[in-house]
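A quick write-up on the structure given underneath.
Computation of the quantities below employed the complete heavy-atom set of this structure, encompassing side-chain atoms and omitting hydrogens, waters and symmetry-equivalent molecules. Computed from a predicted model, the values in this text were never measured in an experiment.
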Amino acid sequence: MTDKKEEKEQIGLKDAVSIGIGGMVGGGIFAVLGLSVELAKGGVPISFLVAGCIALMTAYSYAKLSVAYPDEGGTVRFIYEGFGYSVLSGGLNNMLWVSYIIMLSLYSSAFGAYASGMFDITGDHIVDKHIFISAIILFSTFINYYSIKVVGEVESFAVIIKLIILLAFVAAGFWGITENPNFIQLSPQNWENPVQLIAGGMVIFVAYEGFELIANSAPDIKHPMKNTPKAYYYSVIFVILLYIAIAVVTVGSLDFADIGKAQDYALAEAAKPKFGQIGFTIISIAAMISTFSAINATLLGGSRTNYEVALYHELPEEFTKQLWGKPLGLLIISIFTLVIANTIDLESISTSGSAGFLVIFGIVNFIAFKKRKTIFANKSITIIGFICCILAFIILTIQQIQENATGIIIAFSIFGTCFLGEWLYKKHLKKKIDHQ
């Protein structure tokens, strides 16, 4: 929902690309890098490439739909265009909203891991982590209530800082990497099997979630026919290359065992061989800034998504109401995030988030295929994108049932609740209308 007092300014290509990059290079890479290495071992760059290719195909569908249906609702609008007013569209949009909550939990968990690695409050690392998790969620909620402008300023500052630090990390990491004894870990004999590589890419697919935020800004992009597609493609391709480079430097610099011990803050640990404790501290600060900005932006985006879904009558109209000048959904999202981030482990959160966005992105690809003549989309790219998302979801499900059944159980429970809740709500609305 846009504040009427705030005049909209048109967004140039550079700013639109920044939105995409900022959305992706948020907390995801800091949160899931260690997990991806555990799953794919030396083949983790391939895992990031596979996930990136699926993200790029989906970005094509988003670009076509964003040009045809520019709307602040973004994905919510696309789903509505594809399936109309139905239990299916309502359930999918509810899934999208819940997926934002899961992403917030992932970012908060990552912030807690890096912060507790730097600061000792109670002497108990686990307790400290939960203190930091709760504190950052509450503080970000306060900022969102205080000023949307501050949220934007935090995001703009964070994008610059985290990219400078990450690019410096990559540049320094590649310098002399072939002389590091751990460089051999990148050789094919240290890769997991192909299915495991794909599964590894899908578990960490959440690291690419964020480019879809460009869709929410589509109505304000200058020269949209030209700049909107470019914003998607430039941002996704840049992030694919960045993630692969980060994966190469991390695996080529640090022993698998050390990465496993520091799974929750692997990127900071990977800076130690080159920069020592100073490197660890700098990357940890970058991670905290990045996850903080990601939490701020996702809280804002999630509350707006909640509001848009309610406007389409797929959530109770109470969700369109405001509390302290902001959508009611902002407070609800914050409460759910506090609970999930403090009770569910990182891998299960990542699995649930990846599963949710693979389904949503698969559906968006299908909608682009369905509307291909209206939006002038390529039939092959959209249907291949849809098939890849669904196959990836299936592979992720099978792999995680064997390795982490909790994550899959949580994911399917969430999906089921979204659709069951929507069905019950639609049934209630129908009865209400019939009695009038």
- Query: Would a distance-only check, ignoring hydrogens and angles, find a side-chain to backbone donor-acceptor pair under 3.5 Å from Lys64 to Arg372?
  - Reply: no

- Query: Can you tell if the side chain of Lys274 reaches within under 4.5 Å of the side chain of Trp175, non-hydrogen atoms only?
  - Reply: yes

- Message: Between Tyr208 and Phe357 (judged by ring centroids, cut-off 6.0 Å), do the two rings come close enough to count as a pair?
- Response: no

Under 3.5 Å donor-acceptor pairs involving side-chain atoms of residues 405-414, not counting sequence neighbours:
unit_1 : atom_1 : unit_2 : atom_2 : d
Ser413 : OG     : Ile409 : O      : 2.7

- With the side chain counted from C-beta on, respond yes when Tyr232 and Ser66 share a heavy-atom pair under 4.5 Å apart, and no when they do not. yes

- Name all residues meeting the side chain to side chain donor-acceptor pair (under 3.5 Å) criterion together with Ser86; count only those two or more places apart in sequence or in a different chain, and write none if there are none. Ser89

- Message: Please list all pairs meeting side chain to side chain donor-acceptor pair (under 3.5 Å) that have one or both residues in residues 379-390, counting only residues at least two apart or in different chains.
- Response: none

- Task: Can you see which heavy atom on Asn180 is nearest to which on Gly252, and at what distance?
- Result: CG-O, 3.3 Å

- Would a distance-only check, ignoring hydrogens and angles, find a side-chain to backbone donor-acceptor pair under 3.5 Å from Asn190 to Ile184? yes

- Item | Leu104 to Ile295 - nearest heavy-atom pair and separation | CD2-O, 3.4 Å

- Query: Can any side-chain N or O of Glu269 pair as donor or acceptor with the backbone N or O of Asp258 at less than 3.5 Å?
  - Reply: no

- Compare all side-chain heavy atoms of Val67 with those of Ile375 and state whether any distance is below 4.5 angstrom. no

- Message: Less than 4.5 Å apart, side chain to side chain, heavy atoms only: is that true for Thr374 and Tyr69?
- Response: yes

- Query: Using the ring of each side chain (for Trp, its six-membered ring), is Phe366 parallel, tilted or perpendicular to Phe386, with breaks at 30° and 60°?
  - Reply: tilted

Listing, residues 37-54 side-chain donor-acceptor contacts under 3.5 Å, not counting sequence neighbours, or none:
unit_1 : atom_1 : unit_2 : atom_2 : d
Glu38  : OE1    : Gln263 : NE2    : 2.2
Lys41  : NZ     : Glu38  : O      : 2.9
Ser47  : OG     : Leu197 : O      : 2.7

- Is the backbone of Pro194 close enough, under 3.5 Å, to the side chain of Gln196 for a donor and an acceptor to pair up by distance? no

- Message: Donor-acceptor pair, distance only, cut-off 3.5 Å: does the side chain of Ser354 make one with the backbone of Met202?
- Response: yes

- Cation-aromatic face contact Arg77/Tyr80, 6.0 Å, 45 degrees: no

- Query: Is the backbone N or O of Thr75 less than 3.5 Å from a side-chain atom of Tyr62, with the two atoms forming a donor-acceptor pair by type?
  - Reply: no

- Got Leu267 and Tyr114 here, is their nearest side-chain heavy-atom distance under 4.5 Å? yes

- Task: Can you sort out the partners of Phe336 under ring-ring contact (aromatic ring centres under 6.0 Å, His included), two or more places apart, ordered by chain and number?
- Result: none

- Taking the six-membered ring for Trp, are Phe211 and Phe361 parallel (under 30°), tilted (30 to 60°) or perpendicular (over 60°)? tilted

- Under a 4.5 Å cut-off applied to non-hydrogen side-chain atoms, are Ile289 and Lys162 in contact? no

- Under the side chain to side chain contact (heavy atoms under 4.5 Å, CB included) test, residues paired with Phe183 that sit two or more places apart: Ile177, Thr178, Leu186

- Do Ile137 and Leu299 have side-chain heavy atoms sitting under 4.5 Å apart? no

- Only one of Ile246, Val251, Ile259 forms a side chain to side chain contact (heavy atoms under 4.5 Å, CB included) with Leu33, so which one is it? Ile246

- Note on the structure: What one should report as the nearest heavy-atom pair of Ala215 and Gly74 is CB-CA, 3.9 Å

- Heavy atoms only: give me the nearest Cys389-Gly362 pair and the separation to one decimal. CB-CA, 3.5 Å

- Query: Quick one: are Phe205 and Leu396 in side-chain contact, heavy atoms under 4.5 Å?
  - Reply: no

